[in-house]
Every structure is written in C-alpha cells, then in structure tokens.
Amino acid sequence: MGRRKPRHRAGCGHGSREVGLTAEAGAATGENKPLLRAVSGEAVWPPPMWLMRQAGRYLPEYREVRAKAGGFIKLCTTPEMAAEVTLQPIRRYGMDGAILFSDILMVPWAMGQGLRFAEGEGPVLDPIRDAAGVAALELEKVRERAAPIFETVRLTRAALNQHANKVSLIGFAGSPFTVACYMVEGHGSKDFHTARGMAFNDPALFGRLIRTLVDATTDYLLAQAEAGAEALMLFDSWAGMLPPSQFRRWVIEPTATIVRSLKRLHPSIPIIGFPRLAGPLIGEYAQRTGVNTVAMDTAMDPRFAASAVPANVGLQGNLDPLALIAGGAALEAEARQILAAMRGRPFVFNLGHGIEKITPPENVAQLVRIVRSGG
C-alpha cells in the first residue's frame, strides 16, 4: 500500500522543544510561498495544494504518534506531538500548506464545556440548552487553556521556516454556527435537530451563544496569527442545513464579524471560508463575509463557483475524497476536470471534504503528481 516511513522521524517526546523536517520534504529557499499568493488573490499555476485532514489516520506515521498520545485531546494539546503530525504530510508529500493539527471543538473545550472523544462515537459534549449554560462559558479562559495549541503553531512555523520555507502554515477554527450545533446537541448528528430548533424557537438564546463564539473564535484565531499562522481558515461544515434566511443570519453575519475583527489587526492575513453545501449562496457568502478564498465542497460545480464568486476571491477544492480512494484513471479524470475549470483564476487544489482514513497513501502521491503537472 506504499506505506513507507520517513527516513528520519522528528522528535515528538515531551522533553523536546524542537520538531523538524527531513530532506524528504524538499527544503526550499527564498520567501516565495505559492499558497499564500493564491489565497491572497493571485492566479498561480500549477496551483498550490493541500488536503483537508491531510494529517490523519490514513498515514501509518500518524497512527504511531496517536497511539503514544493515548487520547485525542491529549494529542491536540501536546505541542511536540501535534506539531509532528502537522508536519508529516509535508515530509511525505511536499504539500504547499501545513494545517495546524487540532479540532474545531477545542474552542468550547477551552471555554470550559465538557468534551470527550468516545471511540466509535466521535465527540461528546455536555450539552448547552439554556441561558445558564451559555453564561457559564468562560470566554476569558480561552487563551490560557488553549496555550498548548498556540505553542504547536510556534513549533510548526519554526520547523517550516528552517526546512521548508515555501510551505505556508494554516491556522483554523470552526465557524460559530457549526460549533454551536455540537455545543447544543452534545454530539454529532445528521440534522442537529435540537440546535436548529433553538435557532428558530429561541433566537435570542441562540444568538447569545453565537455572539460568545464569535468573540472566542476571533481571539483564538488572533492568537494563532500571533504565534505564526500565515493564513486562517473557518470551517462551517453544517452551513448547508440552513434555509437562506437562517444561512444569512447564522453563517454569513457571524463570519463577516470575525473577518472584520481579524483584518483590523492583521489586514494582510488571508482568510479561507468553507461554507459546506452552501450551493447557490456561495457567491453571496464570498461577497459579504470578506474572506479572501472560498472552499468548495464536493457537491459544488467548480464552473458555477467560478461564475458566482468574484474574480478577486480565490477558490479552493473540491475533489471527492472517494475519487482519491479509487485512485488510477478515475482520480486522474476528476482532478483534471477541476484543474481545467479553475485555470486562470486564484485557486488552491484540495478536497471537497476531509480525507478518509481508508485512503491509500500512494493515491495521495498520485494526486500530487497530477496537480503538479497543471492538468
């Protein structure tokens, strides 16, 4: 299955304060960063690339570190380990972007909401269903509790600066609506019935939760930027469940508020927004939120997105993760169609959703070769 290990593994023990890359990463010279150029609005060809969940269970080297950590939250909050897994796909594939290894639910965790990751179940939170639950959230504790995550950013940026200085470091957070869905529901769901019901039945309460998340998310992303993140991404994985009026209220407006606040202090930092399953609202999202690049989900027609999104706003995406699992001719055909649709505009090649754990690592290598060829 092509599961070779890197020739030199970076140290990830608790005593080490350095996390390195090997020569396999293709150490670069100069300050030219293709991904930063693309997400800032420049048409770069061949397009830069990275993959959502590129550091994860499909890689044997990730599974080794995960086993040592003993728990997912422990992995996310042990800087040397989290930096190591952030760097693994850079070392193996030479991606143009390294995305911080963490989770969108670390913000509610940092505000004091109970969170655990149950094997086979996914995240489980102590649900927030009333005003007292929202009031109990400790916004002022986010930076203190999330300090190990910001240290991961510092360690990763230092390693990239030294050994792979054309690779851009992406920080991220979940968008307020998606994170609120988990906080209210208390777990993953196909429809987040309770959270969406609260948005309709008690918009004042849901609005207080969203405003708290806007403030917490802004501070969390600012801290990542201060620690060395060069681009920031907002994941709104469940945005597509909302009708247009609710999408505008709970997805576009909070995102726009966060973007304005980030740009006020870091005007040049590019921001990527991922309103999954936004459909025809993708153009309005791009125009009203102020993001620099919009990530397309698997269901989005790239040609429609190219016509709906302003030409100065980048696009990212949107290969089906199942095509990546299939590999071979099917993968090549799908990837080349996306490349053909995106030529001539700011674009970052990526998946339309996160990479699946059963993905053969050699198929990712095949995809890298296709994208590097420019289609």
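For reference, positions follow the sequence shown, starting with 1. The structure displayed is predicted, hence computed values, not measured ones.
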Salt bridge between [X] and [Y], side-chain N to carboxylate O under 4.0 Å?
X: R143; Y: D219; value: yes
X: E84; Y: K68; value: no
X: E61; Y: R92; value: yes

Are any side-chain N or O atoms of [X] and backbone N or O atoms of [Y], one a donor and one an acceptor, separated by less than 3.5 Å?
X: E226; Y: F150; result: no
X: R129; Y: E185; result: yes
X: N292; Y: I271; result: yes
X: R196; Y: D191; result: yes
X: R276; Y: W238; result: no

Query raised in the report: Do L139 and I210 belong to the same hydrophobic cluster, where Ile, Leu, Val, Met, Phe, Trp and Tyr are linked whenever their side-chain heavy atoms lie under 4.5 Å apart, directly or via other members?
Result: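 Linked within one cluster.
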
Query raised in the report: Given F117, which of Y182, F72, W109 fulfils the ring-ring contact (aromatic ring centres under 6.0 Å, His included) condition?
Result: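 Of the listed residues Y182, F72, W109, the ring-ring contact (aromatic ring centres under 6.0 Å, His included) partner of F117 is F72.
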
Hey, can you pull the donor-acceptor pairs under 3.5 Å for the side chains in residues 318-325, sequence neighbours left out?
residue: N318; atom: ND2; partner: D297; partner atom: O; Å: 2.9
residue: N318; atom: ND2; partner: M300; partner atom: O; Å: 2.7
residue: D320; atom: OD1; partner: L322; partner atom: N; Å: 2.9

Query raised in the report: Can you say whether the rings of Y58 and Y93 are parallel (under 30°), tilted (30 to 60°) or perpendicular (over 60°)?
Result: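 Plane angle under 30°, so parallel.
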
**Report entry** Taking every non-hydrogen atom, the tightest pair across V294 and P275
**Finding:**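 Smallest heavy-atom distance, with atoms named: CG1-CD, 3.9 Å.
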
Query - W250 and P176, any side-chain heavy atoms less than 4.5 Å apart - result: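 Side chain of P176 against side chain of W250, heavy atoms only: no contact under 4.5 Å found.
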
